[in-house]
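Order of the sequence lines fixes the chain letters, A, B, ..., with proteins taken first and strands second; residue numbering starts at 1 for each chain.
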Amino acid sequence: MDQILSMAATNLLSPIILSFALGVAASLARSDLNIPEAVAKGMSIYLLFAIGFKGGVSVAAHGIDLTLGLSLLAGIVLSAALPLIAFGLLKVMSGLSRLDAAAVAAHYGSISIVTFVAATSVLQSSGISYEGYMVAVAAAMEAPAILSALWLISRGGANRRMDPELMREILLNGSIVLLVGSFLIGGITGQEGFDRISSFIEAPFQGVLCLFLLDMGLVAGRGLREGSGVLKPGVLTFGGIMPLVGSVVGLLAGLLLGLSTGGVALFMVLSASASYIAVPAAMRVALPEANPSIYLTLSLGVTFPFNLTLGIPLYIALASALTGG
Amino acid sequence: MDQILSMAATNLLSPIILSFALGVAASLARSDLNIPEAVAKGMSIYLLFAIGFKGGVSVAAHGIDLTLGLSLLAGIVLSAALPLIAFGLLKVMSGLSRLDAAAVAAHYGSISIVTFVAATSVLQSSGISYEGYMVAVAAAMEAPAILSALWLISRGGANRRMDPELMREILLNGSIVLLVGSFLIGGITGQEGFDRISSFIEAPFQGVLCLFLLDMGLVAGRGLREGSGVLKPGVLTFGGIMPLVGSVVGLLAGLLLGLSTGGVALFMVLSASASYIAVPAAMRVALPEANPSIYLTLSLGVTFPFNLTLGIPLYIALASALTGG
Amino acid sequence: MDQILSMAATNLLSPIILSFALGVAASLARSDLNIPEAVAKGMSIYLLFAIGFKGGVSVAAHGIDLTLGLSLLAGIVLSAALPLIAFGLLKVMSGLSRLDAAAVAAHYGSISIVTFVAATSVLQSSGISYEGYMVAVAAAMEAPAILSALWLISRGGANRRMDPELMREILLNGSIVLLVGSFLIGGITGQEGFDRISSFIEAPFQGVLCLFLLDMGLVAGRGLREGSGVLKPGVLTFGGIMPLVGSVVGLLAGLLLGLSTGGVALFMVLSASASYIAVPAAMRVALPEANPSIYLTLSLGVTFPFNLTLGIPLYIALASALTGG
Amino acid sequence: MQTHQAKRVAIIIEQVMQRRLTEVLKDAGVTGFTILPVLGGSGRSGEWSREGQVTRAGGMVQVVCVIKPERLDPLLEAAFKVVDRHIGVVTVSDCEVLRAERF
Amino acid sequence: MQTHQAKRVAIIIEQVMQRRLTEVLKDAGVTGFTILPVLGGSGRSGEWSREGQVTRAGGMVQVVCVIKPERLDPLLEAAFKVVDRHIGVVTVSDCEVLRAERF
Amino acid sequence: MQTHQAKRVAIIIEQVMQRRLTEVLKDAGVTGFTILPVLGGSGRSGEWSREGQVTRAGGMVQVVCVIKPERLDPLLEAAFKVVDRHIGVVTVSDCEVLRAERF
Ligand SMILES: Nc1ncnc2c1ncn2[C@@H]1O[C@H](COP(=O)(O)O)[C@@H](O)[C@H]1O
Ligand SMILES: Nc1ncnc2c1ncn2[C@@H]1O[C@H](COP(=O)(O)O)[C@@H](O)[C@H]1O
Ligand SMILES: Nc1ncnc2c1ncn2[C@@H]1O[C@H](COP(=O)(O)O)[C@@H](O)[C@H]1O
Ligand code: NA
Ligand code: NA
Ligand code: NA
């Protein structure tokens with residue numbers, strides 16, 4: 001417990017969390033501080049490329065084993081299963097319509113890559129190692145949740161189009177392609193490739209993450225300011241409970257797979273986090289009647305900060321305790 | 001004198017000044033070289049974040065003392081007082097209308113953060129240290145000048161709205177918030193935070209500054225090409241004299257406060273420099289009838305290059321001589 | 001031969017080529033992965049600035065000699081002459097109209113700076129040095145080809161305006177100005193300037209090049225998808241043969257000038273590469289009736305990948321063999 | 001100068017629907033369109049802005065088609081199929097064009 | 001298809017005044033608007049462009065409102081209060097809209 | 001509110017031709033114009049988009065002029081000289097303006 005608190009405190013006072021807090025504060029105070037869309041996208045491309053590449057290099061060093069395949073499979077199953085749990089919880093806890101509940105549920109099955117990145121950076125500064133392929137697991141967990149949610153809706157009798165075009169868009173969305181692509185590049189070029197570009201993908205990484213989280217804070221704060229009216233207490237509570245539920249499921253999966261401490265922690269983080277890139281876009285296409293204020297505010301304004309500040313240290317502490325790491 | 005000249009020569013032939021000169025030349029030759037707005041904004045966010053953060057880290061190392069508070073106070077007083085001097089000078093030297101004179105005066109009370117950054121980089125390469133909190137003084141000096149200028153106008157009988165909304169906008173403008181915010185983050189995380197992101201905020205700093213000054217040169221050159229007709233000789237002369245007047249006032253303040261050589265030099269730089277971010281925006285809202293070509297061309301096209309090339313070495317030399325530094 | 005193959009293999013599996021391949025693949029698979037225009041421009045500004053600056057620093061170290069002047073002259077002559085060869089080849093090989101053939105020819109006389117940059121990075125990692133002023137030769141070769149092409153058209157009887165305004169635009173286009181400007185800055189500030197900003201222009205260079213090539217891949221892939229119908233077999237073949245022809249002409253020039261191995265290789269690369277920045281823009285102004293799909297697809301979608309993957313190792317191997325380097 | 005009657009249809013729609021809309025327009029015989037960026041806006045579904053956007057769900061674009069008057073109805077019907085369930089605004093106005101042979 | 005008469009008001013105004021303008025529009029009962037970016041322009045106050053802009057004073061935006069004809073006058077009066085002392089252009093044109101129930 | 005009849009001319013043209021067009025417009029007595037960005041489009045010369053653009057040849061912009069009706073013809077003739085050989089679309093529509101003294 002002490003360890004959790006101290007890690008949480010260190011985490012809360014790290015530059016990346018404080019940058020996020022600065023963004024939220026600026027936004028709530030209605031400062032005109034803002035980061036141009038192109039710059040935000042540029043930073044996210046950088047982060048995805050760097051994290052994917054590093055994962056690939058690490059796999060090149062440690063080799064491919066059965067656990068890699070099983071972890072990918074587990075990620076896909078979790079991503080598909082978590083929306084069902086989330087949907088059930090929402091039905092019980094919130095007064096959301098079937099449609100809104102399904103849309104929210106899709107977000108919680110999928111993942112937030114920035115939460116993942118932040119967690120890897122806490123792991124790194126705590127000296128805890130993790131399986132390099134976890135970044136591939138992250139990519140694998142982006143999409144299945146969307147299909148689950150659409151299935152939930154169609155089960156409800158609604159005639160939901162799941163055209164092949166949408167399927168293609170979901171599976172080939174930019175962040176998945178970049179993550180998987182740079183993972184493969186890292187895997188192919190290995191240590192030699194890493195040496196050539198490490199001063200690009202390692203050195204400025206933490207700093208770029210700070211500025212990116214500043215932007216996330218600005219966006220989350222804006223969402224909170226405008227969307228706070230939309231979130232009923234039941235929904236709000238869900239935004240804090242679901243990550244915990246997800247993390248427990250992820251914990252079990254990680255332990256069953258026999259992952260390292262860091263790997264288990266990252267499985268928890270992935271399961272606990274909620275998408276804010278791939279899923280909202282898919283929902284706008286497939287379930288346009290679902291209210292985006294609800295799922296975006298919940299994902300970006302509630303669950304993301306929760307994981308970033310309290311969740312990550314908690315998950316790492318739990319994983320450490322249970323893996324004896 | 002020799003020292004000034006040699007420092008001025010070194011300064012003039014540094015990559016950052018030459019980059020600025022390249023921008024001016026390209027723009028005067030009507031090359032289509034240009035830097036996208038989003039990239040320019042991205043670089044300015046980077047520079048503000050880095051300079052604020054470093055200032056905070058330095059304060060964390062040296063502790064807070066009374067001089068910090070007094071310096072902030074002095075900065076606020078200077079920012080409020082300098083427009084009065086500028087306004088007086090303009091009334092004597094130029095044929096500008098009351099309105100245009102007040103708008104110009106506001107710019108000279110406020111500060112140019114890029115001039116400040118360029119000065120810190122000259123100090124650093126000359127091995128002269130300075131108080132880390134000077135970046136907070138810079139932030140404190142951004143806004144008061146605007147209020148002075150509006151007061152000058154309202155004294156003149158005009159019914160100028162100073163709505164609370166404008167007040168909020170001025171005090172919470174993006175660059176102030178980012179500067180103060182990153183200063184606080186640096187102060188909180190201290191050396192440990194610095195170690196985590198130093199390869200982001202230190203290593204590429206000078207290079208980003210080069211490209212940013214290239215852009216400033218392009219914009220200043222464009223302003224000179226289009227605005228040169230607007231600036232009468234009296235106004236032009238003001239653009240070269242006011243920095244000197246401001247720097248002397250800053251010098252006195254710095255000496256009275258008992259700052260280090262670098263601190264005195266930076267106080268001179270702040271007092272000598274003219275705003276090109278916060279003040280023009282406020283003027284467009286509050287004094288829309290004032291001609292922006294005059295104040296922007298003067299601030300960006302005359303005073304900024306003057307300070308960058310001649311002013312900074314001169315101020316540093318004076319500060320060195322008078323503090324025995 | 002073995003050496004060529006092994007160098008080609010190393011080259012093909014380098015992060016920069018794989019990033020390009022990722023871009024092409026993503027684009028052909030119609031992923032929505034994309035890099036904002038402002039970010040792409042920002043990266044190209046960075047690359048031009050860095051490569052120009054490094055070239056200037058290297059000239060400052062080695063001094064100016066007669067070969068520099070002769071190389072510039074040779075570059076200009078080559079740039080002007082290659083379109084004539086290209087035009088002749090196109091007349092024989094393709095059924096393109098006079099206008100389209102001239103427009104394509106202009107591209108092959110001019111150069112692709114990214115191909116040049118990629119080649120310098122292969123040289124560097126192979127430990128082969130080259131004359132720093134080759135970057136100035138690259139700048140000198142951008143424009144003459146355009147004039148040749150317009151002369152070809154006017155010879156054909158068409159009344160083509162070559163207004164002085166267009167001339168100015170061509171000679172002062174952003175990439176030439178930035179390349180020459182940063183070359184001069186590097187030359188003036190020399191090693192001292194380099195030390196100040198080397199961690200900006202050296203460390204992240206390879207990484208930025210990766211992301212830039214990712215973007216080039218995305219654009220090339222899109223061009224191939226849309227423009228593939230436009231390119232008849234004859235034209236396609238030209239896109240693979242002309243680089244070889246150009247490289248042989250460049251080889252002779254480099255040997256005649258008595259350049260180092262790296263210098264000869266770069267002369268080959270410049271002659272073999274086709275413009276995708278300056279020339280297309282000039283063609284849209286001067287020859288709007290020429291079909292941009294043809295020249296852009298050929299330059300970006302055929303010749304650029306050809307040089308990047310096979311051309312560069314081949315040219316370096318040939319240059320090594322013939323200079324005994 | 002000689003100008004010709006035409007209709008200008010402007011459709012403000014979510015970016016995620018852009019490709020679907022333009023495909024449908026092409027199927028309806030539209031030979032040209034232009035996409036304009038949108039910075040932000042406000043409507044029944046609330047206010048939004050492109051600033052610092054980190055999700056791909058939020059942005060909108062404006063698709064503008066200039067067409068011969070007789071082509072208006074098929075275009076509107078095609079467009080309606082896409083915008084129907086989605087947020088967005090469709091406006092039609094009269095205009096005149098130079099170089100009518102291009103449409 | 002069934003369309004309805006409406007008015008399209010386009011206001012080109014400095015970015016620093018954007019929030020003030022949209023607040024006033026909302027107060028005047030406008031339920032929706034769209035903000036379009038502007039790259040540059042020229043007028044009595046000279047020429048400007050967004051390229052490499054380092055100051056926040058210079059940019060402009062275009063605010064577009066589609067409204068029922070009867071709402072035009074209150075809108076124009078509200079907008080006028082904001083643009084009055086400022087540079088900018090206000091144009092009104094006729095248009096037709098699909099899905100009039102949204103306005 | 002008091003409004004005045006005017007014409008709104010919108011010219012979609014390649015970015016490389018922008019300066020040439022605005023110079024010609026100024027020569028024809030146009031006192032103001034606004035440049036709007038264009039993200040992409042499609043026409044007889046194919047489809048294009050601004051995404052990740054690495055060449056300076058491809059982009060387009062939209063130049064909008066609001067003018068007094070009597071100035072329309074000289075403007076169109078001037079514009080035509082520039083767009084003639086180039087791709088692009090010129091549309092003219094009626095509108096009303098506030099503050100007519102500005103035009
Ligand atoms: N009356 C209107 N005039 C102009 N744009 C509108 C209007 N109503 C809605 N919009 C645009 O359409 C988007 C979605 O509108 P809505 O479906 O009402 O939420 C808004 O964000 C605006 O960009
Ligand atoms: N006649 C016009 N047509 C289109 N836009 C205009 C016109 N006049 C002014 N503008 C726009 O409004 C801005 C300010 O105009 P002004 O107040 O005349 O300086 C210009 O920079 C243009 O963007
Ligand atoms: N009918 C149209 N409506 C709107 N924009 C068009 C139309 N036709 C062409 N355009 C625009 O003009 C550009 C060039 O058209 P084109 O000359 O037909 O290739 C296209 O890329 C579009 O941006
Ligand atoms: Na999850
Ligand atoms: Na000052
Ligand atoms: Na060539």
Under 4.5 Å to a heavy atom of chain D? For F/Val9 that would be neither
To the nearest 0.5 Å, atom CZ of F/Arg44 lies from atom CD1 of F/Ile87 at 9.0 Å
Checked D/Gln18, D/His4, D/Lys26 vs chain F; the most non-hydrogen pairs under 4.5 Å come from D/Lys26
Whatever's closer than 4.5 Å to a heavy atom in chain D on F/Asp94 counts as neither
Whatever's closer than 4.5 Å to a heavy atom in chain F on D/Val30 counts as neither
Ranking F/Ala79, F/Ala10, F/Ser49, F/Gly88 by heavy-atom pairs under 4.5 Å to chain D gives rank one to F/Gly88
Output for pair (F/Phe80 CZ, F/Leu75 CG), nearest 0.5 Å, gives 13.5 Å
Okay, F/Ile12 and chain D: the region with an atom under 4.5 Å from a heavy atom over there is side chain
- Message: Go through it in stages, so that I can follow the logic: the residues are D/Leu36 and D/Val61, the test is side chain to side chain contact (heavy atoms under 4.5 Å, CB included), and I'd like the CA-CA distance, side-chain angles, deciding distance and then a yes or no.
- Response: CA-CA 6 Å; D/Leu36 303 177; D/Val61 294; over 6 Å; no
Validation row: F/Met60, F/Gln15 side chains within 4.5 angstrom (heavy atoms): no
Q) Heavy atoms, side chains only, cut-off 4.5 Å: are F/Leu25 and F/Cys65 in contact? A) yes
Are the side chain of F/Arg50 and the backbone N or O of F/Pro37 linked by a donor-acceptor pair below 3.5 Å?
no
When the 4.5 angstrom heavy-atom criterion is applied to F/Leu72 and chain D, the contacting part is neither
Whatever's closer than 4.5 Å to a heavy atom in chain F on D/Thr3 counts as side chain
**Asked** Counting N and O atoms only, with roles assigned by atom type, does the side chain of D/Arg8 sit under 3.5 Å from a partner on the main chain of D/Val64, one being a donor and the other an acceptor?
**Response** no
Under 4.5 Å to a heavy atom of chain F? For D/Val66 that would be side chain
Greatest number of non-hydrogen atom pairs under 4.5 angstrom with chain D, of F/Val90, F/Asp84, F/Asp73, falls to F/Val90
